[in-house]
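Keep in mind it's a predicted model, so treat the numbers as computed, not measured. Residue numbering restarts at 1 for every chain, and letters A, B, ... go by the order of the sequence lines.
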Amino acid sequence: MDNTLNQTPSDEQIGYDPSAVEGKWQQSWQDIGTNTTDVAAAPDPYYALMMFPYPSAEGLHVGNLFAFVGNDIYGRFQRLQGHNVFEPFGYDAFGIHSENYALKVGKHPMDLIPQNIANFRRQVQRSGLMVDWSKEVDTTNPDYYKWTQWVFLQLLKQGLAYKKQAAVNWCPSCKTVLANEQVVGGACERCDTPVEQRFLSQWFFRISDYAERLLANLDSLDWSETTKTAQRNWIGRSEGAEISFPVKKAGAEAIRVFTTRPDTVFGATYLVVAPEHPLVASLTTGVYRTAVDQYLARSAKQDVVTRKSSTEKTGVFTGAYATNPATGSDIPIWISDYVLMEYGTGAIMAVPGHDERDFEFAKVFGLPIVRVVCAQGEEPSAPIDEAFTENERGIIVNSGKFDGMTVATAKREIIAMLDEKGAGHPVVNYRLHDWCISRQRYWGPPIPIIYCDDCGAVPVPENDLPVVLPHVEDFKPDDSGVSPLARHEDWYRVPCPECGKMARRETDVSDTFLDSAWYFLRYPSVGIDDKPFDSTITKKWLPVNSYIGGNEHAVLHLLYSRFVTMVLNDMGFIDFEEPFKRFRAHGLIIRNGAKMSKSKGNVVIPDHYIEKWGADAFRTYLMFLGPFEEGGDFRDASISGVKRFLDRLWASVHSAVDSQSNGPGDPDVMRKLHQTIRKVGDDIPRLSYNTAVAAMMEYMNVLRRGERASSRSEVEPLVQLASPFAPHIAEELWEKLGHSESVFDAGWPKFDSALATDERFELAVQVNGKTRGKLSVPRDITQDDAVSAAMAEESISKFLSGPAKKIIFVPGRLLNLVG
RNA sequence: GCGGGAGUGGCGGAACUGGUAGACGCGCUGGACUUAGGAUCCAGUGGAGCAAUCCGUGGGGGUUCGAGUCCCCCCUUUCGCACCA
């Protein structure tokens with residue numbers, strides 16, 4: 001056997017050749033089907049899911065592997081607890097990422113993706129994940145995206161898909177639509193041309209209809225709080241009021257505004273509407289028209305990204321006035337791009353005294369600033385030199401009969417007053433916008449719609465799915481100014497499914513997030529061709545028991561998946577409305593204290609490490625380098641510690657088996673063993689993998705004390721404990737121990753609390769809170785005995801001048817003598 | 001600006017509900033075995049001090065018999081969202 005790791009291995013190491021052991025067991029798992037789940041028969045299903053990766057050309061990133069291994073350990077542990085664990089794998093292979101890369105290297109994504117997938121599969125297999133390879137998913141496969149298109153049609157059927165004009169980033173030089181991340185500092189990332197805003201007709205999903213439910217359900221989910229908070233913030237529920245301001249012009253429509261501070265309505269000294277507001281044209285009067293038109297043209301040209309990031313206030317007066325329903329006075333109506341059409345009503349009442357943005361705007365344009373909220377003891381007429389936004393301790397002033405009220409009371413009372421006049425009512429607003437799923441791109445599933453001059457937008461009949469993405473050579477954006485598929489008349493010209501007249505396919509493709517919003521439903525049903533998911537299998541396996549993935553998807557992917565699941569639930573396809581019972585986000589891996597990047601050349605390439613150290617050592621090191629949910633710092637030098645641990649594990653098992661030490665085990669060692677069984681069993685479910693590994697190392701140190709060979713009762717359970725981390729060596733040693741079944745079908749070692757506890761323990765003795773000594777005492781020692789034992793120690797009693805005035809005794813822990 | 005984290009030896013990190021700070025590992029120092037050692041094994045390793053002891057968890061206050069952990073103020077750092085009314 002050739003050992004490439006050490007030129008002259010020590011006696012103990014002879015025989016442990018990770019690459020040979022790992023190759024052997026990977027082959028065996030495949031041959032025997034160790035990791036294949038019988039989804040129909042499994043009596044005790046457990047679905048351990050990890051976020052599927054985008055299969056990049058560079059191959060598996062160590063961050064991916066970190067996540068996968070973390071999930072794998074969890075899944076393997078659940079299997080050892082007796083569950084039938086299903087751990088599938090797949091590829092999120094559509095999207096702008098792949099498309100851009102294909103453009104860059106001048107290859108076609110349809111050629112590139114299968115290569116990348118093959119490479120990913122190879123890398124994942126050699127990492128020893130417990131993946132059921134019979135259930136692979138590839139989002140670019142027509143057998144998969146057929147059902148992505150089906151999902152779209154279901155949403156359409158429910159009235160949750162609609163079309164509207166929306167702004168996109170447009171590069172006038174590349175003549176193409178850009179994603180937000182392709183806009184750098186207001187310019188196209190490729191050619192540096194300033195990006196413009198264009199309006200295209202696009203498909204949206206009405207996720208905002210589900211805002212309240214998406215928010216409310218969060219409370220009952222077993223997700224990390226940080227992720228839930230991110231979702232709550234994204235949904236952005238805010239309570240306030242909608243208030244109408246009548247326009248001073250015959251027949252004009254009133255302007256409706258949304259505010260969270262109705263208590264400040266007496267301080268509203270002007271109104272602002274967004275440049276895109278539908279009333280802009282009718283509000284603008286004669287002499288102001290030129291200025292308004294100029295302003296509108298200017299903001300229309302500006303790209304979405306810079307417009308939202310610049311904070312300097314610009315605006316223009318319409319010439320029109322509205323009446324403040326609280327004060328009855330007339331206030332001017334302005335237009336400014338600091339008001340967003342997408343939020344609220346696209347119009348605001350400006351209260352410069354109590355809103356920073358309004359204050360800035362008022363300063364720039366010399367508009368009146370009125371104080372309507374005071375801090376306790378402040379003079380109501382005091383001048384305002386910055387917006388006073390405090391509302392906890394604020395008192396209402398200059399607001400007629402509402403003066404003296406707290407902000408909270410005034411909110412209620414003023415809404416009631418406006419409501420009575422028919423000028424306002426309470427409203428809840430959400431930040432969450434509808435989900436735009438149209439992409440003017442090539443590399444995605446075509447949206448299954450056909451436009452007919454007579455019948456309008458007609459859904460492709462479900463029987464006609466999939467609408468196959470054609471293999472076209474010119475998927476690159478060019479001067480034509482349309483999405484790539486729109487250049488292929490032979491593809492988009494089809495008869496209308498309703499009337500048969502020649503019609504035109506939708507040439508946009510759907511967002512990649514739609515592909516990943518339902519893939520977990522597909523996995524258990526892979527292989528079933530006539531439906532997206534089988535209802536019996538789905539009932540058995542879903543919702544997902546445990547989901548692990550990156551926090552970069554804390555918001556969008558998880559929210560979209562929840563939304564799609566709710567809709568399918570409402571339609572009766574599934575009987576649950578939340579897809580992931582438990583979700584945990586893993587941390588980020590950095591290297592030597594710095595972020596990894598290709599340009600810095602400090603990227604960890606898993607293949608290299610697996611070749612050098614073996615997959616088991618690499619896996620275990622990844623889990624050991626830091627807390628799983630926080631990530632950690634990858635340092636090459638540190639892997640050796642983990643490798644040494646595996647070497648010792650190998651040596652201990654071999655010496656126990658070869659020396660036929662079949663005795664009961666040393667009591668001290670057995671105590672530590674049972675403490676370790678408990679610790680590892682507690683740590684794995686809470687993803688505290690680093691401390692689980694440390695505990696096993698600690699046990700190894702105890703095991704190795706003294707000269708004697710270990711007995712098999714001391715080492716055998718350790719093989720089981722280590723198996724989720726280092727599955728290959730565990731299988732090999734399990735076989736060496738004489739077992740013929742897989743270690744993963746052998747269960748988890750039994751914890752015996754009687755064996756784990758010692759009759760004596762170390763009592764920490766403190767004097768005035770400072771530790772002054774440790775005493776080895778019986779576990780059930782009484783307080784009095786403990787005190788006398790402590791006082792008998794000169795090194796302790798010397799810190800006390802007399803008898804202790806107060807004694808704090810924590811049984812099993814410490815004694816504190818206060819003098 | 002708003003929101004979420006995080007600051008502990010030379011380094012990565014332990015310390016679950018306040019209760020022996022620094023587990024485990026890397027590195028380092030010394031030793032053993034060796035032709036050799038980047039292998040293996042043994043011992044040591046927060047700082048100061050010969051020692052008793054003192055000081056130590058970003059900084060400053062506080063609560064407590066006792067604070068890395070709880071409360072208040074501040075600093076640094078990182079991630080996310082960025083004019084959301």
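For A:Tyr343, taking side-chain heavy atoms from C-beta onward, the closest of the listed nucleotides B:rG4, B:rU20, B:rA85 is B:rA85.
Using a 4.0 Å heavy-atom cutoff across all strands shown, A:Lys798 reaches sugar-phosphate atoms only and no base atom. Heavy atoms of A:Arg431 sit under 4.0 angstrom from at least one base atom. Within 4.0 Å of A:Leu625, counting heavy atoms only, lie sugar-phosphate atoms of the nucleic acid but no base atom. Heavy atoms of A:Arg772 sit under 4.0 angstrom from primed sugar atoms or phosphate atoms, though from no base atom. A:Asn816 comes within contact range of at least one nucleobase, with a heavy-atom separation under 4.0 Å.
In this structure, the salt bridge (charged side-chain N to carboxylate O under 4.0 Å, His left out) partners of A:Asp683, at least two apart in sequence or on a different chain, are A:Lys679, A:Arg686. Applying the side chain to side chain donor-acceptor pair (under 3.5 Å) criterion to A:Arg431, with sequence neighbours excluded, gives no partner residue. The side chain to side chain donor-acceptor pair (under 3.5 Å) search around A:Arg591 returns A:Tyr609, A:Asp636, not counting sequence neighbours. Scanning for ring-ring contact (aromatic ring centres under 6.0 Å, His included) contacts around A:His553 gives A:His557, with sequence neighbours left out.
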Atom pairs and distances, donor-acceptor, side-chain atoms in residues 345-353 of chain A, under 3.5 Å, two or more places apart:
{"from": "A:Thr345", "atom 1": "OG1", "to": "A:Arg256", "atom 2": "O", "distance (Å)": "2.6"}
{"from": "A:Thr345", "atom 1": "OG1", "to": "A:Ala347", "atom 2": "N", "distance (Å)": "3.4"}
{"from": "A:Thr345", "atom 1": "OG1", "to": "A:Ala347", "atom 2": "O", "distance (Å)": "3.3"}

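With contacts defined as side-chain heavy-atom distances shorter than 4.5 Å, the pair A:Phe66/A:Phe628 qualifies.
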With B for base contact, S for sugar-phosphate-only contact and - for none (protein heavy atoms under 4.0 Å), nucleotides 23-31 of chain B reads BBSS-----

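Scanning atom types as modelled, one donor and one acceptor separated by under 3.5 angstrom connect the side chain of A:Lys313 and the base of B:rC83.
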